[in-house]
Structure formats: C-alpha cells, structure tokens
Amino acid sequence: MNMKLSALTLAVAALSGCSFIPTYERPVAPVPAGFPGQAADAQAGATLPAWDTVVTDARLRDLIGLALQNNRDLRVAVLNIEQVRAQYRIQRADQFPTLNLSAAGNRQPTTDGGISSTYTAGLAMSSWELDFFGRVASLKEAALAQYLASEEARRAAQTSLVASVASSWLSLQADEELLALTQRTQASREDSLRLTQRRFDLGAASALDLRQAESLAASARAALAQQQRSRATNLNALTLLVGQTPPANLLPVAPAANAEPAGGVMRDVPEGLPSDLLTRRADIRQAEQALIAANANIGAARAAFFPRISLTASVGTVSDQLSGLFKDGSWGFSLAPQALLPIFDAGRNQAGLDSARAGREIAVAQYEKAIQTAFREVADALAGRATLGEQVGALELQAKADAERLRLSELRYRSGVASYLDVLDAQRSLFATQQSLTQTRLAQQQNQVALYKALGGGY
C-alpha cells in the first residue's frame with residue numbers, strides 16, 4: 001500500500017511539472033557591437049557609476065534627492081509595482097486549493113407529503129484545478145514576468161527623472177546667465193540711447209542715429225521680457241519635477257559680470273563603451289520581461305488543448321436535524337473529481353494559441369525596437385559630444401572678436417571716422433554671439449546628461 005501511494009505521488013508530481021512554455025532565448029541585438037566612433041576593443045563588462053557620483057554640483061545632487069522623494073510620477077511607478085505584485089500573488093494562489101468553512105441547510109417536500117431536512121457543516125474545497133499540464137503555472141510565470149517588468153519600469157522612471165531634473169536645472173542656469181547678459185546689454189543700450197539723445201539735442205548726431213539707438217534699446221527690453229518668461233516657465237517645470245517648490249539655496253544664481261562661465265555639473269562618460277551595455281537599460285529590461293511574459297502565455301494557450309482536471313471536496317458533519325450536526329456518527333466527506341477534454345470549441349483554443357504566438361512576435365519586435373532606439377540615442381549623444389566642444393570653442397573666439405570689434409567701432413565713432421551704424425551693428429553681433437555661446441554651452445551640458453541617460457543612467 002505504501003509503495004502504491006509513493007508511486008501515485010511521484011506520478012502526480014511528474015505530471016504537475018509538465019510545461020508547454022517554449023524555451024526562452026534572448027533575441028540577438030539588431031545593432032553593431034560598438035557605437036560609432038568608439039574603440040572596437042571596449043570591455044564588455046564596462047559599467048556606469050550611480051548618478052550621485054556622476055553629478056558634481058552639490059546643489060543639484062540635493063535637488064535630485066528631493067525629486068526622488070516627492071515626484072508623483074515616480075510614486076505612481078512604485079505603486080504600480082505593488083499592484084502588479086498583488087496580481088502575481090493572486091495568480092500564484094491558483095496553484096493551491098482554497099479551503100472554506102461552509103454551513104448549509106436544505107428542506108424540501110418528499111413524495112409522501114412530508115418534508116426532508118439536510119444540514120451540513122465543515123470544510124469545503126471547490127474546483128481546485130490539478131495543474132497536470134502547466135496551464136496555471138504558465139500563467140503564474142507570465143504574471144511574475146509582468147511584475148519584474150513593473151520593477152524595471154520604476155527604474156526607468158527614476159533614470160528619466162534624474163535626467164529631467166538635471167536638464168531642467170541646467171536650463172535654469174542658462175536662463176540666469178542669459179538674463180544677466182540681457183540686463184547688462186539693456187543697461188548699455190540705455191546709456192547709449194541717452195548719449196545719442198544728448199548728441200542729437202546738440203546737433204552732433206542725426207535723427208537716424210537716434211532712431212537706431214531707440215530701436216536697439218527697445219529690442220533689449222523685449223529680449224529681457226522674453227528671458228524673464230523663459231526663466232519662469234523653466235522654474236515651473238523644475239517645481240513639477242521636484243514635487244515641491246525648490247529651495248532657493250539649491251537653485252542656480254546669476255553669474256557676476258565678467259565672471260568665468262559655470263563649469264559642467266556632471267563627469268564625462270568614459271570612452272570606448274560597448275553596445276551590449278544597452279541591455280542593462282531599465283526600459284530594455286522591461287521590454288525583455290514583457291517578451292518573457294508573452295512566451296509564458298504560449299504555454300498556457302497550449303495547455304488549453306489538454307484535459308482540465310478539477311477537484312471538489314468537502315469534509316464535515318451531516319444530519320437531518322440541526323441539533324444532531326455534531327453528534328457521533330455524523331461525520332463524512334465527499335470527493336468529486338472532474339475532467340474536461342475540449343472536443344469542439346469552434347476554434348477558440350486554436351485562436352488563443354495563435355493570439356499568444358502573435359503576442360510573442362509583437363514583444364520580440366518591441367524588444368528589438370527598444371534596443372535600436374537606445375542605440376540611436378547613444379549615437380546621437382556621442383555625435384553631440386564630438387562636435388559641441390568644437391562649436392563652443394569657435395563661439396568663444398567669435399565672442400572675443402566681436403567684443404574687440406565693438407571696442408574699436410566705438411573708438412572710431414568717437415573720433416568721427418565711422419558712423420554710428422557700425423557701432424550698432426557691432427553691438428547686435430556681440431549680443432547675438434554671446435547668446436548663442438550660452439545656449440551652445442547649455443546644449444553641451446545637456447548632451448552629457450542625455451548620454452548618461454541613454455547608456456542606462458548608472459542605476
């Protein structure tokens with residue numbers, strides 16, 4: 001008898017371990033082994049440091065810390081994990097029987113005109129599916145992959161949040177520099193307008209010179225209003241990201257006149273990184289978990305073609321009188337196994353299998369597209385790193401040349417050698433070059449942030 005029970009237990013265990021989930025193989029990344037312009041012998045095990053070691057500005061680090069605590073999008077991502085985790089636990093619970101405490105009473109007329117009564121109380125188990133062909137286990141594996149995908153989605157949201165806060169902070173820093181530059185330019189043009197008005201009153205300047213000076217001063221006032229609006233909108237965007245009003249001591253401040261431009265707030269990403277680093281990006285790992293879930297759904301769809309065996313059982317006490325429920329001799333049990341083999345379902349199971357297979361192919365395409373998109377983002381950022389530095393250097397030289405041109409034009413105008421139009425043109429050229437230089441420095445620093453994010457953010 002013991003041998004028979006052991007054999008039966010082993011048979012049930014063997015059947016329960018049956019699975020129709022296809023063997024998962026990670027698709028080959030449809031991108032080159034290295035990034036454009038990178039060394040071909042890069043180490044495959046290269047990693048990125050965490051964001052708090054990459055960000056060099058203490059104010060920005062503290063602001064990112066506040067955002068990680070208060071940002072609502074990140075909070076939603078964390079709560080999504082809790083929700084999907086609960087759904088996984090629900091799916092896992094289907095592998096085990098559910099026991100209920102039951103009590104029932106039944107009274108009905110008999111053929112002889114009397115009334116029969118039946119009362120039951122005890123433990124009941126209803127329709128527990130014996131997962132011989134792995135249908136429930138496949139659904140559990142799919143739910144587990146979805147839970148892991150939600151974890152990766154939260155990590156992707158955190159990486160995106162860190163990059164967004166850094167980028168917005170840099171935009172606000174550039175706004176402060178442009179605002180200070182515009183204020184200095186406006187003050188200079190207002191002084192020039194007053195001087196021209198005085199010269200016009202004395203007959204030393206023409207009406208054309210006066211009108212040109214007025215136009216240039218009005219242009220500076222319009223530019224100042226635009227910069228103030230830009231700063232306000234960027235501050236609002238940063239407030240939304242942080243989840244609260246940013247403390248004033250953590251915000252960038254306007255540089256002093258003739259001060260050196262603010263340095264970068266992030267360390268450079270090392271050269272020679274391999275493209276397989278992309279597989280560590282949270283959004284790509286999320287896409288891979290979605291692919292694993294789709295692969296597991298095929299196993300559940302295949303198992304639907306085989307018999308579905310369920311078991312209903314109860315144990316307790318039965319009596320024809322309520323007062324006799326718990327007396328000796330009233331105990332009993334019932335066991336009702338049921339097997340259902342699909343014979344005709346109008347193609348429902350085949351359609352379910354076809355749908356699951358198509359879902360896996362969609363997940364493969366989405367996974368490959370995520371890798372290609374990530375590769376493109378890194379390639380764009382590397383191209384920016386290769387050219388933005390040269391652009392900044394050229395603009396710095398142009399700004400120095402325009403500043404000297406303005407100085408010489410003012411000397412020639414005071415000496416009566418050149419017209420005031422030359423001075424105004426030199427002022428406009430210098431202001432435009434200084435604005436372009438500040439904006440290009442901003443683009444260079446934001447490109448560093450974009451490259452760090454595109455490579456996975458060093459989570």
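All values below come from the heavy atoms of this structure, side chains included, with hydrogens, waters and symmetry mates left out.
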Below 4.0 angstrom, N of the basic side chain to O of the carboxylate: do [X] and [Y] qualify?
{"X": "Arg85", "Y": "Glu82", "value": "yes"}
{"X": "Arg281", "Y": "Glu377", "value": "yes"}
{"X": "Arg135", "Y": "Asp131", "value": "no"}
{"X": "Glu396", "Y": "Arg441", "value": "yes"}
{"X": "Glu190", "Y": "Arg221", "value": "yes"}

Non-hydrogen side-chain atoms of Glu410 and Gln427 separated by less than 4.5 Å: yes

Quick one: does [X]'s side chain have a donor or acceptor within less than 3.5 Å of a partner on [Y]'s backbone?
{"X": "Asn234", "Y": "Ser230", "value": "yes"}
{"X": "Thr373", "Y": "Ala370", "value": "no"}
{"X": "Asp57", "Y": "Arg59", "value": "yes"}
{"X": "Thr233", "Y": "Arg229", "value": "yes"}
{"X": "Ser415", "Y": "Leu411", "value": "yes"}
{"X": "Trp169", "Y": "Ile64", "value": "no"}
{"X": "Ser219", "Y": "Ser215", "value": "no"}
{"X": "Arg189", "Y": "Leu216", "value": "yes"}

Walk me through whether Arg267 and Thr56 qualify under side chain to side chain contact (heavy atoms under 4.5 Å, CB included). CA-CA 7 Å; Arg267 293 189 176 92; Thr56 57; 3.7 Å; yes

Derivation of the side chain to side chain contact (heavy atoms under 4.5 Å, CB included) call for Gln87 and Gln83: CA-CA 6 Å; Gln87 292 170 350; Gln83 185 180 41; 3.9 Å; yes

Side chains of [X] and [Y]: donor-acceptor distance under 3.5 Å anywhere?
{"X": "Thr196", "Y": "Asp209", "result": "no"}
{"X": "Ser171", "Y": "Gln446", "result": "yes"}
{"X": "Gln227", "Y": "Thr182", "result": "no"}

Might you work through the side-chain hydrogen bond (donor to acceptor under 3.5 Å, both in side chains) test for Tyr24 and Glu288, ending with a clear yes or no? CA-CA 11 Å; Tyr24 173 74; Glu288 184 176 13; 2.9 Å; yes

Report the residues that fulfil salt bridge (charged side-chain N to carboxylate O under 4.0 Å, His left out) with Arg405, sequence neighbours left out, ordered by chain and then residue number.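 Listed in chain order: Asp425.
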
Using the rule given for side-chain hydrogen bond (donor to acceptor under 3.5 Å, both in side chains), can you reason through Thr433 versus Asp402, listing the C-alpha separation, both sets of side-chain angles and the distance that settles it, and then say yes or no? CA-CA 8 Å; Thr433 302; Asp402 284 341; 2.6 Å; yes

Of all residues at least two apart in sequence or in a different chain, which pass the ring pair (Phe, Tyr, Trp, His ring centres under 6.0 Å) check with Phe305?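 Once residues adjacent in sequence are excluded, Phe305 has no partner under the ring pair (Phe, Tyr, Trp, His ring centres under 6.0 Å) criterion.
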
Applying ring pair (Phe, Tyr, Trp, His ring centres under 6.0 Å), can you list everything that pairs with Tyr88, at least two apart in sequence or on another chain?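 In terms of ring pair (Phe, Tyr, Trp, His ring centres under 6.0 Å), with neighbours along the sequence ignored, Tyr88 is linked to no residue.
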
Strictly under 6.0 Å, is that where the ring centroids of Phe20 and Phe306 end up?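 Yes - the distance between ring centres of Phe20 and Phe306 falls below the 6.0 Å cut-off.
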
Please determine whether the number of non-hydrogen atoms from other residues, nucleotides or ligands lying under 6.0 Å from atom CZ of Arg376 exceeds 12.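 Not more than 12 within 6.0 Å, no.
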
